[in-house]
Protein chains: 2
Amino acid sequence: MAELTERGRRTRQRIVEATGRQILAAGIGGTSLDDVRAATLTSKSQLFHYFPGGKAELVRAVAEWEGGELLAAQLPHLEDLSTRASWEAWRAALVDYYIGQGRWACPIGSLANEAAVGDPELAALVADTFRQWASRLAAGVRRMQGVGEVDAAADPDRVAASILSAIQGGLVLSQPLHDPWPLEAALDQALHALDAPAVRT
Amino acid sequence: MAELTERGRRTRQRIVEATGRQILAAGIGGTSLDDVRAATLTSKSQLFHYFPGGKAELVRAVAEWEGGELLAAQLPHLEDLSTRASWEAWRAALVDYYIGQGRWACPIGSLANEAAVGDPELAALVADTFRQWASRLAAGVRRMQGVGEVDAAADPDRVAASILSAIQGGLVLSQPLHDPWPLEAALDQALHALDAPAVRT
DNA sequence: TCGTCATTGGACTGCATGGTCCAGTTCCTA
DNA sequence: TAGGAACTGGACCATGCAGTCCAATGACGA
């Protein structure tokens, strides 16, 4: 695709964002290039001009973009998470991203589900976003342990994975009901791991 | 489709099970009727003979069948869950169903994700399986509360939803890694809700 | 002003797929 | 044992979709 001018970059970005919206609403299979063409007022040739690899490359670009957006939506809290208040602020930002902004599904989680099989490159991108996300959460848990707020015996990586799972699983349940309560219940329960400075049984 | 003879029932069942396997491995979009035809050594006309509604009806039949199988795989523990040991046995059966038998994804969860949009009837079937499942878990939590094993102040429905979320979310993370640890970590963390007879903060 | 390269438009192709149709076979039953 | 209904085989059709091609247009530097 050689060089991109300013106009080119904007067109490309417009395609990526519209495709992301369509995928979130209808899945990869439910997103045809003609849909994208219509939504972006572009032409077939432009799609292949900016994404010579075709639909697969376009979807990968969407995965990268959405991954960045997802993590960005959790800032600045995601980089802090050193106090219970910071965790609560993070939680609020996350729920707003999913529910408040009407997504009702995780752009990355749905990609993980639909395309983990069939496109290893895409799976790697998705896995990488999960990895970055989990490492931030684990770092937050360690900060909580550092100040004695959380049991030092807890494994931060396991706690981070369980919180991430609560988010993804909560969305699976919330989506068909179109009700945020399963997501919030799962998230709250998972965050209780931060409320146990002492050990048990 | 009028009456079904024994042979007819078996052919129909063979189609449902093969379709289920294919959907689990490749998703609905990745499952063509020709795939099913080849895998079952049947013909196009048989598919439409047993499922006049076409692919959509076939997928719905798969959802019903898989829902039943999923709950059945958790028996008899799912109907007990009155002791910590019973919960552990249930957990083991569940992990075996997903990992031990090589599924690496939830048949119902993946349907929920891919088709919740676009087929309200299918979404209703999926939601119903989740409802049945959650109600069994909640009943187990209540039994634990009844014998004083679990804090009576906990909301059994919220605990059940969080456990279900841990399963679904854990699978989302485990699937691309092809490693059961996120599922197990999420499940264990969620089950810790059963280990707190006393209240917190 | 000219040339070149990024950009855009849209017709066209080939193929996979869901779905239809009808003829042939098997099986139950009266 | 005959008739009808359930069952099976596979050719065929229509369509939607990813991907190709080429010509036209716009922008920017020399």
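We use all heavy atoms of the structure for the numbers below, so side chains are in, but hydrogens, waters and symmetry mates are not. We name chains A, B, ... by the order of the sequence lines, and we start the count at 1 in each one.
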### A:Trp133: partners by ring pair (Phe, Tyr, Trp, His ring centres under 6.0 Å), with sequence neighbours left out
none

### Whole angstrom value for the distance that separates P of D:dA5 from NE2 of B:His49
13 Å

Result block: side-chain N/O donor-acceptor pairs under 3.5 angstrom for residues 120-131 of chain B, not counting sequence neighbours:
unit_1: B:Asp128; atom_1: OD2; unit_2: B:Gln132; atom_2: NE2; d: 3.1
unit_1: B:Thr129; atom_1: OG1; unit_2: B:Leu125; atom_2: O; d: 3.4

### Query
Any side-chain hydrogen bond (donor to acceptor under 3.5 Å, both in side chains) pairs touching residues 14-25 of chain B, not counting sequence neighbours?
B:Gln13-B:Glu17

### Summary
Considering only heavy side-chain atoms of B:Lys55, the closest of D:dT8, C:dG10, C:dG19 is C:dG19

#### Entry: Nearest-nucleotide comparison on DNA chain C, the residue closer to the 5′ end among B:Phe48 and A:Gly8
A:Gly8

### Query
For A:Ala138, which residues count as a side chain to side chain contact (heavy atoms under 4.5 Å, CB included) partner, sequence neighbours excluded?
A:Arg142, A:Pro156, A:Asp157, A:Ala160

Side chains of residues 165-174 of chain A: which donor-acceptor partners sit under 3.5 Å, not counting sequence neighbours?
unit_1: A:Ser165; atom_1: OG; unit_2: A:Ala161; atom_2: O; d: 2.8
unit_1: A:Ser174; atom_1: OG; unit_2: A:Gly170; atom_2: O; d: 3.3
unit_1: A:Ser174; atom_1: OG; unit_2: A:Asp179; atom_2: O; d: 2.8
unit_1: A:Ser174; atom_1: OG; unit_2: A:Leu183; atom_2: N; d: 3.2

### Message
What residues from residues 27-41 of chain A pass a heavy-atom cutoff of under 4.0 Å to DNA chain D?
### Response
A:Thr31, A:Ser32, A:Leu33

### Message
With a 4.0 Å cutoff (strictly under), does any side-chain N or O of A:Tyr50 reach OP1 or OP2 of C:dT8?
### Response
yes

### Summary
By side-chain hydrogen bond (donor to acceptor under 3.5 Å, both in side chains), B:Ser43 pairs with (sequence neighbours left out) B:Ser45, B:Gln46

#### Entry: A:Trp90: side-chain hydrogen bond (donor to acceptor under 3.5 Å, both in side chains) partners, not counting sequence neighbours
A:Gln74

### Those residues that, when tested against A:Arg37, pass side-chain hydrogen bond (donor to acceptor under 3.5 Å, both in side chains) (two or more places apart)
A:Asp34

### Message
Does C:dT8 have OP1 or OP2 under 4.0 Å away from a side-chain N or O of A:Gln46?
### Response
yes

### Query
When the distance from CG of A:Leu47 to C1' of C:dT7 is rounded to whole Å, what number comes out?
13 Å

## Note on the structure
The dot-bracket string of DNA chain D, counting Watson-Crick and G-U wobble pairs with both distances under 3.5 Å, using [ ] for crossing pairs and | for pairs to another strand, is ||||||||||||||||||||||||||||||

### Message
Tell me the interatomic distance from A:Arg12, atom CZ, to C:dT8, atom P, rounded to whole angstroms.
### Response
13 Å

#### Entry: Atom CZ of B:Arg10 with >12 non-hydrogen neighbours under 6.0 angstrom
no

### Query
Is any side-chain N of the basic residue among B:Arg9 and B:Glu6 closer than 4.0 Å to the acidic one's carboxylate O?
yes

### Message
Rounded to whole Å, please give me the gap between CG in A:Leu4 and P in C:dC5.
### Response
16 Å

Contact list (N/O, under 3.5 angstrom) for nucleotides 21-29 of chain D vs protein:
none

### Message
Tell me the interatomic distance from A:Leu58, atom CG, to D:dG19, atom P, rounded to whole angstroms.
### Response
10 Å

### Set of residues satisfying side-chain hydrogen bond (donor to acceptor under 3.5 Å, both in side chains) with respect to A:Arg158, sequence neighbours excluded
B:Asp188

